[in-house]
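So you know, we letter chains A, B, ... as the sequences are listed, proteins then strands, and number each from 1.
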There are 2 protein chains.
Amino acid sequence: MSRVSAVSIVEAIASDIRARVFSGELPALHALTETEVASSYDVARPTAKAAIEKLVAEGLLVRGVHKTARVADLGPESVRDIYLARAYLESEVLRRLASGRTVPDEAVRANKDIAALKTGAPLDVVEPDMRFHTSLVDALGNERISKMYLSLVGEVRFCMSRVQSLHLLDTNLIQAEHQKLLELIGEGKGEAAARLLDEHLGRARERLVAAMGGEAGPEADLPSKLTG
Amino acid sequence: MSRVSAVSIVEAIASDIRARVFSGELPALHALTETEVASSYDVARPTAKAAIEKLVAEGLLVRGVHKTARVADLGPESVRDIYLARAYLESEVLRRLASGRTVPDEAVRANKDIAALKTGAPLDVVEPDMRFHTSLVDALGNERISKMYLSLVGEVRFCMSRVQSLHLLDTNLIQAEHQKLLELIGEGKGEAAARLLDEHLGRARERLVAAMGGEAGPEADLPSKLTG
DNA sequence: CTTGTGTACTTGTTAGACAATCGAAGGGCG
DNA sequence: CGCCCTTCGATTGTCTAACAAGTACACAAG
């Protein structure tokens, strides 16, 4: 019985389940009954229910009326939806940042961190990569946009955890493209930045889709002018 | 005691409270205790609690730990945040639609509805206006973007209900600008459409801000080239 | 093989209760 | 007289126990 009620028992339980889903301990479609959760955390059923409902609202779990909650199964089409949504949001963010020539310090730092780690573990890229993109969005200073992006990031992490060790992208390329994005923003070239981002995300997207058994689009390939 | 439990009692109660907030029956900062809600709808307290938590998650109500929930007070800065978020989302949507020259039928229909009503009631514009913008976003076909926009629309309706009868915008101008937006999309001129939308939303935004006691930006005025 | 039924499991909702915490009112002290 | 501290009421967080309602699966009958 580990009492971790830092802020709220419900929040603590939801957090733990979230972590277990991300880590892969709870596979897709795994069933989570209220009673089961309640007894495993040694809380009452309504408490477990609240935690489950919180996660359902987040989209991490799915459930119909009177049916037991299951870990969401993000298929290839969901991955594409998520990444396209990212692209829509972020490309507009880049345009707005470029029009003010705002290059966020945090983004520069995050990309330096990516350059620093030349270790072979591809999973280490995820954290600074996310930080890079998140800091760009946050630099807009719009509360609601940041919140929207946060929910997307959660889902991105989620499906990334499913293709952890696949090594779909080259770290050097990621870092180089990020660098180029920052330069374009500084030069006020919003349109070019938006286009580069589309390629950047499109490539990750279609490779991820392919890795999950979907049919990859043409964006999976490297554009010739960037190969050098 | 009208049993309207179409899908769920919790959902029905949340719906009703939502409507009452929108209608202005529940003013900003109005307190909603769990017991009060429970007894007024003749349900148990946990049920009322669930409904309140749902609305808190939506952002319609706010509450801290161990404090009673209150109707959210969307001040001028929130209104600006909401409208800017709309502009960010929608301008990107217009670009993408224009690149495929996709003019959604539903948007055309909604704008015809605006043209049809020449009645003096300015509140009648709200519904088709919302439908116009929503149908554009939905035409993208991205589930998550549509969901994000939906939450914004909810908040927009909310703050519009606070300035109901102010008659901030001319119906003819709204209709004309919508028409122009559709034309630009059909011609593939995404950049121009995005710019016009910025003006369109920026004007509504700053006038709404001013009406709520904030300091209006320069976007509140009509650009000269559109006055004719 | 399909259909119908029944039982077990799970969720939706309720009731009542207790502890923890917040806000405000009231008393003591400078 | 004003300010700080204590106390108390109100409200929320959580629990236990229970019943109703719906789903899913197995099993039997046609």
Q | First encountered from the 5' end of DNA chain D, between A/His66 and B/Pro46 | A | B/Pro46
Q | Interatomic distance, A/Arg45 CZ vs C/dT11 C1' [rounded to whole Å] | A | 6 Å
Q. For C/dG12, does OP1 or OP2 lie under 4.0 Å from any side-chain N or O of A/Lys49?
A. yes
Q. Out of D/dT14, C/dT13, C/dT11, which nucleotide sits closest to the side chain of B/Thr47?
A. C/dT13
Q. Between B/Arg63 and C/dC22, is there a side-chain N or O to OP1/OP2 distance below 4.0 Å?
A. no
Q. B/Glu34 CD to C/dT21 C1': how many Å, rounded?
A. 14 Å
Q.
Could you tell me how far apart B/Asp42 (CG) and C/dT14 (P) are, to the nearest whole angstrom?
A. 8 Å
Q | Length of the CD1-P vector between B/Ile9 and D/dA20, whole Å | A | 15 Å
Q) Can you check the A/Ile13 CD1 to D/dG13 P distance for me, whole Å? A) 15 Å
(Q) Just the rounded figure in Å: distance from C1' of C/dT10 to CD1 of A/Ile52. (A) 11 Å
(Q) Please determine whether a side-chain nitrogen of the Lys or Arg among A/Arg96 and A/Glu92 lies less than 4.0 Å from a carboxylate oxygen of the Asp or Glu. (A) yes
Q | Residues A/Glu143, B/Arg80: salt bridge by 4.0 Å N-O rule | A | no
Q.
Classify the ring geometry of B/His133 against B/His200: parallel below 30°, tilted from 30° to 60°, perpendicular beyond 60°.
A. parallel
(Q) How close do A/Val71 and A/Pro27 get, counting heavy atoms only, and between which atoms? (A) CB-O, 3.4 Å
(Q) In whole Å, I'd like the distance from the NZ atom of A/Lys67 to the C1' atom of D/dT23. (A) 8 Å
Q. D/dA24 phosphate, OP1 or OP2: any side-chain N/O from A/Thr68 under 4.0 angstrom?
A. no
Q.
Distance check needed: D/dA10 C1' versus B/Glu36 CD, whole Å only.
A. 12 Å
